[in-house]
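Scroll down for the structure; my scribbles are underneath it.
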2 protein chains.
Amino acid sequence: MKDLTAKQRAIFEYIRERVENPGRFPSYREIGRRFQLRSVATVAQHLKALEEKGFLIRDGRQLNVPDSYREKKGVAILGMVQAGSPLAAEANYDGELRLEDLGSETFAVKVQGDSMIEAGIFEDDFVIVEPRETANEGDMVVAVVGEDQSVTVKYFHKSPKGVELRPANEAYEPIRVANDPNFRLAGRVVGVLRKL
Amino acid sequence: MKDLTAKQRAIFEYIRERVENPGRFPSYREIGRRFQLRSVATVAQHLKALEEKGFLIRDGRQLNVPDSYREKKGVAILGMVQAGSPLAAEANYDGELRLEDLGSETFAVKVQGDSMIEAGIFEDDFVIVEPRETANEGDMVVAVVGEDQSVTVKYFHKSPKGVELRPANEAYEPIRVANDPNFRLAGRVVGVLRKL
DNA sequence: AAAGTTACCGAACACGCGTTCGAACCGTCA
DNA sequence: TGACGGTTCGAACGCGTGTTCGGTAACTTT
């Protein structure tokens, strides 16, 4: 963020704030009121300068703040490095965690039992599931099985005898679903979330 | 959602869609165009009906869709029940997972190493951290230690000799930070997220 | 048969919007 | 000294906005 005059910077900051909350670009007259400018032409001039310097872009008829200047939402990911504090500097900014990156169909299931404990999934964890009717060998899936239509999280494996759902816990046996008319894949597990 | 005529329902659905995306209330004339209404008075009439029936509310001069009719964002949590499919019915809707519920200061750190493996935290998992300078006995924390300011995830314990950071892995020794001038708590771990 | 509801129309209104023009003032740089 | 850029002004424009009025028509309820 360079090459801006003090006034232009102030106006840009105001706009950025207003675009995030309540979510729309302020009108020329609103901006004018905020900075005691009696003429909309003055505002227009400032906005033109901001546009020319790349701090605003025009989508058709509508001015907007470019994504690169938008405030970040979600949770920042700071790389875990061996030396130096990753917490002080923004230099370690390493992306962002967003649930919105997931498809809108995605859902979460709270885990009961310990059948996937060796995969690091414990009781009361949430598994994040992307709906799918098929799976690849070795995928972790959520499936509906049995007469009571119960739902389980398991590893998906194909075998000559049919589909096998393997737990990640030696204390449990794999489930073979060769002849289960109720068997249905609910989706593929794409993430695990644990709240502490 | 009752007491609406077919036309009113259609218009309301259109409005709800437009409010979510691109994020603003459509103009009377836009609504008119969508439904081939040549007079804005017709639109005004429908909107007045929707307002009277409580499907729209007025914030000052601006019409809005009440929160109760807004579409849910984030990831739906479906309860994991033993019988019955929780995936078919919305009856099992059990809340929502949102990263936005976390404070704006919250950040995430990607885990390196296996020192917390017995707590179900593996390499490349993300721990979600709420910044804090203090912790309670037994909390899982992110701390900065040692001359190289390295960052670790550990359990926090107080002892007569000072603070002890315990790993969840028998292969590692606890770290005692009685006389470490570099020791600093970065925050408390409030969640774990694993992307598969 | 009268009253009410739902649905639509055209027209007009006052207002806020973004845009543009001409004009001014004050610095700095050449 | 003159040119230039930043900053401000007032005025006007054409357009889209929400609101309102008066009127028509089909259908249901009373």
Side-chain angles (χ1 to χ4, degrees), chain A residues 1-70, chain B residues 1-70:
Chain A
M1 199 182 301
K2 291 171 190 173
D3 293 321
L4 286 188
T5 66
K7 207 80 195 220
Q8 285 166 358
R9 168 122 71 257
I11 290 174
F12 177 68
E13 288 300 332
Y14 171 68
I15 291 170
R16 215 185 51 172
E17 187 189 314
R18 289 291 307 273
V19 166
E20 301 298 328
N21 178 307
R24 6 176 227 302
F25 205 92
S27 76
Y28 284 38
R29 282 158 182 89
E30 275 182 298
I31 298 169
R33 242 172 278 141
R34 170 67 180 75
F35 292 95
Q36 280 105 50
L37 302 176
R38 261 162 289 192
S39 173
V40 283
T42 309
V43 178
Q45 180 112 331
H46 283 303
L47 296 196
K48 206 169 118 191
L50 287 172
E51 192 187 346
E52 278 164 3
K53 291 179 182 175
F55 285 76
L56 296 176
I57 47 167
R58 201 169 276 275
D59 304 347
R61 194 159 281 121
Q62 184 61 47
L63 275 174
N64 259 312
V65 179
D67 290 343
S68 45
Y69 293 120
R70 284 255 170 86
Chain B
M1 198 183 301
K2 290 172 190 172
D3 293 322
L4 285 188
T5 66
K7 207 82 197 214
Q8 285 165 358
R9 168 122 69 255
I11 290 173
F12 177 68
E13 288 299 333
Y14 171 68
I15 291 170
R16 214 185 51 173
E17 186 190 315
R18 289 291 306 272
V19 166
E20 300 296 330
N21 176 305
R24 22 177 214 297
F25 205 93
S27 75
Y28 284 38
R29 282 157 183 90
E30 275 181 299
I31 298 169
R33 242 171 278 141
R34 169 70 180 75
F35 292 95
Q36 281 104 50
L37 303 175
R38 261 160 290 193
S39 173
V40 284
T42 309
V43 178
Q45 181 130 318
H46 283 302
L47 295 196
K48 206 169 120 191
L50 287 172
E51 192 187 346
E52 279 164 2
K53 292 179 182 176
F55 285 77
L56 297 176
I57 46 167
R58 204 170 274 274
D59 304 347
R61 194 160 282 122
Q62 184 61 48
L63 276 174
N64 259 312
V65 179
D67 289 344
S68 45
Y69 293 120
R70 285 255 169 86

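In the text below, chain A, chain B and the rest are named by the order of the sequence lines, each starting its count at 1. Only this structure's heavy atoms are used, side chains among them; waters, hydrogens and symmetry mates stay out.
- Distance CZ (B:Phe35) to C1' (C:dC9): 18 Å, rounded to an integer number of Å.
- When side chains are defined from C-beta on, A:Val65 counts as touching A:Leu56, because their heavy atoms get closer than 4.5 Å.
- Between B:Leu37 atom CG and C:dT6 atom C1' there is a gap of 13 Å when expressed in whole angstrom units.
- Distances were taken from every side-chain heavy atom of B:Thr5 (C-beta onward) to each of D:dC9, C:dG10, C:dA7; the shortest belongs to C:dA7.
- For the pair B:His46 NE2 and D:dT20 C1', the interatomic distance rounds to 17 Å; values are reported in whole Å.
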Kindly give the atom pairs (protein nitrogen or oxygen, nucleotide nitrogen or oxygen) under 3.5 Å for nucleotides 16-18 of chain C.
| from | atom 1 | to | atom 2 | distance (Å) |
| --- | --- | --- | --- | --- |
| C:dC17 | OP1 | A:Ser27 | OG | 2.9 |
| C:dG18 | OP2 | A:Tyr28 | N | 2.8 |
| C:dG18 | N7 | A:Arg29 | NH1 | 3.0 |
| C:dG18 | O6 | A:Arg29 | NH2 | 3.1 |

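- When atom types are taken as modelled, the side chain of A:Gln8 and the backbone of A:Thr5 share a donor-acceptor pair closer than 3.5 angstrom.
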Footprint string (nucleotides 22-30 of chain D, 5' to 3'): B base within contact, S backbone only, - free, heavy atoms under 4.0 Å
---------

Show me the side-chain donor-acceptor pairs of residues 31-48 of chain A shorter than 3.5 Å, one per line, residues at least two apart or across chains.
| from | atom 1 | to | atom 2 | distance (Å) |
| --- | --- | --- | --- | --- |
| A:Ser39 | OG | A:Ala41 | N | 3.1 |

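- Among residues two or more places apart in sequence or in another chain, the side chain to side chain contact (heavy atoms under 4.5 Å, CB included) test is passed with A:Glu51 by A:Arg58, A:Leu63.
- Look at B:Thr42 and you'll find a side-chain N or O under 4.0 angstrom from OP1 or OP2 of C:dC9.
- The side chain of A:Lys53 lies closest to D:dG6, out of D:dG6, C:dC8, C:dT6.
- Taken to the nearest 0.5 Å, the CZ atom of A:Arg16 stands 10.5 Å off from the CZ atom of A:Phe55.
- Following rounding to the nearest Å, B:Gln36 (CD) and C:dG10 (P) show an atom-to-atom distance of 14 Å.
- For the pair B:Leu47 CG and D:dG18 C1', the interatomic distance rounds to 10 Å; values are reported in whole Å.
- For the helix from C:dA1-D:dT30 to C:dA30-D:dT1, the angle separating the two terminal helix axes comes to 10°, with each axis derived from five pairs and the value rounded to 10°.
- Taking both residues in full, the closest heavy atoms of B:Pro66 and B:Gly54 are given as CG-O, 3.8 Å, listed atom of the first, atom of the second, then distance.
- If you take NZ of B:Lys48 and P of C:dT6, they are 12 Å apart, rounded to a whole angstrom.
- Atom CG in A:Leu4 sits about 13 Å away from atom C1' in D:dG6, given to the nearest Å.
- Taking CZ of B:Arg9 as the reference point, atom CG of B:Leu50 lies at 10.5 Å (rounded to 0.5 Å).
- In this structure, the separation between CG on A:Leu4 and CZ on A:Phe12 is 7.5 Å, given to the nearest 0.5 Å.
- To the nearest 0.5 Å, the span separating CD on A:Gln62 from CD1 on A:Ile57 amounts to 11.0 Å.
- Regarding B:Ile31, its CD1 atom lies at a distance of 14 Å from the C1' atom of D:dG16, rounded to whole Å.
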